[in-house]
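Here is the structure we will look at.
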2 protein chains.
Amino acid sequence: MEPKDNRASILTCALELFAAQGYDAIGVREICSAAGVTKPTLYHYFGSKRGVLETLVQERGAPLLARVQQAAAYAGDLRQTLRTLVLTYFGFADAAPTFYRLLLGLWFAAPNHDAFQVVARFNEQQHQVMEALFNAAAHDHGNMRGRQRIYAATFLGMINTYVGLALNGYLELTETHALQAVQQFSYGIYS
Amino acid sequence: MEPKDNRASILTCALELFAAQGYDAIGVREICSAAGVTKPTLYHYFGSKRGVLETLVQERGAPLLARVQQAAAYAGDLRQTLRTLVLTYFGFADAAPTFYRLLLGLWFAAPNHDAFQVVARFNEQQHQVMEALFNAAAHDHGNMRGRQRIYAATFLGMINTYVGLALNGYLELTETHALQAVQQFSYGIYS
DNA sequence: GTGTTAGTATACCGAACGGTATAGTATTTG
DNA sequence: CAAATACTATACCGTTCGGTATACTAACAC
């Protein structure tokens with residue numbers, strides 16, 4: 001029997017419930033009862049319902065961001081870097097589907113919504129990484145210049161689309177799909 | 001002064017509020033006060049809050065579905081059909097950005113959520129249209145066979161991604177982008 | 001032992017939620 | 001004119017919401 005860690009089990013239960021039912025549809029009470037604690041415990045650790053979501057995004061998102069940052073290092077071969085990136089994302093989504101579902105559920109959510117803004121900041125961080133990559137690549141590929149922002153956005157969008165469709169049972173995150181996606185995307189750039 | 005149509009103004013206000021703040025974040029009271037009516041009026045026309053959303057999706061979505069169905073007619077030139085489709089979607093999103101925002105906000109929302117299921121049915125209808133198109137095209141392009149479902153899903157996903165990024169200010173829905181998107185997508189198919 | 005701190009539970013707060021019972025008005029139908 | 005239908009307002013229902021005041025326990029500090 002592992003020593004009970006209320007903080008951790010609150011986060012785990014909240015993630016599962018948020019991902020399945022939506023942030024707004026889940027009350028603090030449900031999280032607490034699922035985690036086997038009472039409300040003051042949750043508020044002791046996170047201060048508010050939004051604090052739970054923020055902690056969740058930060059802590060569970062950090063590994064993804066770290067891997068992505070590493071995979072996004074540009075070494076002269078853009079296509080290869082993109083391949084590594086897609087595989088990194090697919091691997092993460094495969095290992096943490098519930099968390100990715102939470103992110104995707106708020107990807108295009110209402111802009112004035114509390115929960116959206118939390119996730120938007122996280123997405124913006126990923127966007128920065130991608131934009132830096134395309135900026136670096138634009139030195140070698142002059143015809144890309146001026147479009148780095150769009151490339152970053154559509155590349156991330158393509159990844160999220162694939163993951164979202166996979167989560168909804170439309171396809172699977174195979175290496176074949178990853179490579180095909182990169183090939184497709186690259187064709188749009190170099191042409 | 002137009003003759004006041006309470007039913008219509010409820011729908012209009014609900015759409016605006018849902019799209020901006022999210023379905024769950026908006027109460028029936030807010031819709032009513034924005035529309036200048038009281039709750040029994042709303043419940044007279046729509047029966048429930050969910051009924052408002054359902055009506056919204058059906059009535060505002062019908063024109064899109066009609067245009068898409070027409071544009072998806074296959075006449076031997078898949079690439080041209082896809083071009084027409086993307087332009088149809090872009091045109092609709094440009095004319096009804098608020099409604100499209102509502103759809104996108106629930107695109108990958110939590111699967112057990114009330115609002116998601118309403119939109120999911122609508123998305124499924126579009127998916128059927130796309131799948132039929134790729135089924136027809138697979139007669140001419142044997143190498144597509146068996147992948148029609150994936151093609152339909154990723155094609156719609158690509159469109160939604162572009163529209164979503166446009167709504168969030170990352171790009172604009174120009175004809176150039178539309179053609180580029182199709183070219184990209186087609187390359188993934190024929191290769 | 002005496003504070004002090006971290007963590008947890010009971011019980012409660014006011015506000016907002018979705019929805020409705022009742023009563024009215026205005027228009028149409030006989 | 002009477003009856004029925006469509007629509008709208010006042011006022012209310014019970015429930016749940018996010019959040020908290022208070023108190024208690026265990027552990028560690030001095």
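Each chain gets a letter, A, B and so on, in the order the sequences are listed, and its residues count up from 1.
Residues Y89(A) and V129(A) fall within the same hydrophobic cluster, defined by Ile, Leu, Val, Met, Phe, Trp and Tyr side chains chained together at heavy-atom separations under 4.5 Å. L17(A) is not connected to F116(A) by any chain of hydrophobic side-chain contacts under 4.5 Å among Ile, Leu, Val, Met, Phe, Trp and Tyr, and they are in different clusters. In the hydrophobic clustering of this structure, L87(B) does not group with L82(B); members are Ile, Leu, Val, Met, Phe, Trp, Tyr whose side-chain heavy atoms approach within less than 4.5 Å, directly or through other members.
The distance between atom CD1 of I10(B) and atom C1' of dT8(D), rounded to the nearest whole Å, is 10 Å. One atom, CD1 of I31(A), and another, P of dT16(D), lie 16 Å apart when rounded to the nearest Å. Between the NE2 atom of H44(A) and the P atom of dA23(D) there is a distance of 19 Å, rounded to whole Å. For R29(B) and dT10(D), the CZ to C1' distance is 13 Å, given to the nearest whole Å.
Closest to the side chain of Y45(A), from the set dG7(C), dA9(C), dA9(D), is dG7(C). Relative to the side chain of Y43(A), the nucleotides dA9(C), dG18(D), dT8(D) differ in distance, and dG18(D) lies closest. With dA21(C), dA9(C), dG7(C) as the choices, the nucleotide that has an atom nearest any side-chain atom of P40(B) turns out to be dA21(C). Proximity note for E30(A) (side chain, C-beta onward) versus dC17(D), dA6(C), dC7(D): the nearest is dC17(D). Side-chain atoms of T38(A) lie closest to dT10(C) of the nucleotides dT10(C), dG18(D), dT8(D). Closest contact between the side chain of K49(A) and the listed nucleotides dG18(D), dT8(C), dA9(D) involves dG18(D).
Counting non-hydrogen atoms under 4.0 angstrom, I26(A) reaches the backbone sugars and phosphates but no base.
Map A25(A) and G47(A) each onto its nearest nucleotide of DNA chain D; the residue landing nearer the 5' end is A25(A).
The residues R101(A) and E16(A) are annotated as not salt-bridged, no charged nitrogen and carboxylate oxygen being separated by less than 4.0 angstrom.
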